[in-house]
Every structure is written in C-alpha cells, then in structure tokens.
Amino acid sequence: MESKRIEGLWDCAYCGNTGIKARYGECQQCGSPRGPETRFYLPDDLQGAVLTKEEAAKTTNEPDWMCSYCSTYNRSDATVCKGCGALKKEADGNYGTRHKLTGFSFWKK
Ligand SMILES: [Zn+2]
Ligand SMILES: [Zn+2]
C-alpha cells in the first residue's frame, strides 16, 4: 500500500493564529518563525490534507534546524546558515523534532 503524506498544521505562539500549514515556516499573520516548541497536528479534513505526488516530492523527513551562532531558522535542505553562513553540521539543535505525526513531512523551499 502506498503511504500518503499528509500536511500537518501548527499554531503561532505569538499572535494566536491557528491552522497554519506545515509548508509555511513563518506565521502568515505576524511573520514569526515557528519555534522549537512547535507541535504539529493533523487537520480535521484529512483527505484534503493529503499531498499530491508533486507536492510530496517537495517534502523531506529531515527536521528544520537552527544555527548555533546566530539563531537563524533554516530549512532542512540548507547546508549552510542563510544568516551567517555557518555549516549545518555545526548546529546543535533541530527545530520541529517534537512532531508526532505519522506521514507528516517537512516542507522544502
Ligand atoms: Zn503569528
Ligand atoms: Zn547563522
């Protein structure tokens, strides 16, 4: 059986915006990046959240990461920090590792 990838949702801890799609690394309302405490959850409409093949190809199972030097939030597919150029392998923390969703994957940009 083919496994489907489902896009989870998250809530902004800063402005209270809810139901932000996992593909967005920042709140669509206030622009705050989702932090390390962010927990993803499944939407009520599971069928509507199933990603197409094309969309699923843009996702990754690797969590996002935070630069140890400048605390910039980086996508999993970035090998160097977009803020200061430090290498990902020198980062000691990952964002989003607390998600508990089966079939959820992180969105690449
Ligand atoms: Zn917000
Ligand atoms: Zn950095």
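Whatever order the structure lists them in is the order used to number ligands and atoms, beginning at 1.
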Side-chain heavy-atom pair K21, L9 within 4.5 angstrom cut-off: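 A side-chain contact under 4.5 Å exists here.
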
Closest approach of [X] to [Y] (non-hydrogen atoms, all atoms of both residues):
| X | Y | answer |
| --- | --- | --- |
| W10 | S32 | CH2-O, 4.2 Å |
| N74 | K82 | OD1-N, 2.9 Å |
| L51 | A56 | CB-N, 4.1 Å |

Under 2.8 Å from the Zn ion (ligand 2), the protein N, O or S atoms, given as residue and atom: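 Listed by chain and number, the nearby protein N, O or S atoms are C67 SG, C70 SG, C81 SG, C84 SG.
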
Any donor-acceptor N/O pair, Y14 side chain to R34 backbone, under 3.5 Å: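 Here the side-chain-to-backbone pair does not exist.
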
Sidechain-backbone polar pair: E55 side chain, T52 backbone, donor-acceptor under 3.5 Å: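 Checking the backbone N and O of T52 against the side chain of E55, a donor-acceptor pair under 3.5 Å is found.
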
Over 12 foreign heavy atoms within 6.0 Å of CG, D45: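 Correct, the count exceeds 12.
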
Atoms of type N/O/S from protein, distance to the Zn ion (ligand 1) below 2.8 Å: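 N, O or S atoms of the protein closer than 2.8 Å: 4.
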
Inter-residue atom distance Y24.OH - E7.CD, 0.5 Å rounding: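 It is 8.0 Å, given to the nearest 0.5 Å.
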
From CG (D11) to CG (N17), nearest 0.5 Å: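 Going from CG on D11 over to CG on N17, the span is 8.0 Å.
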
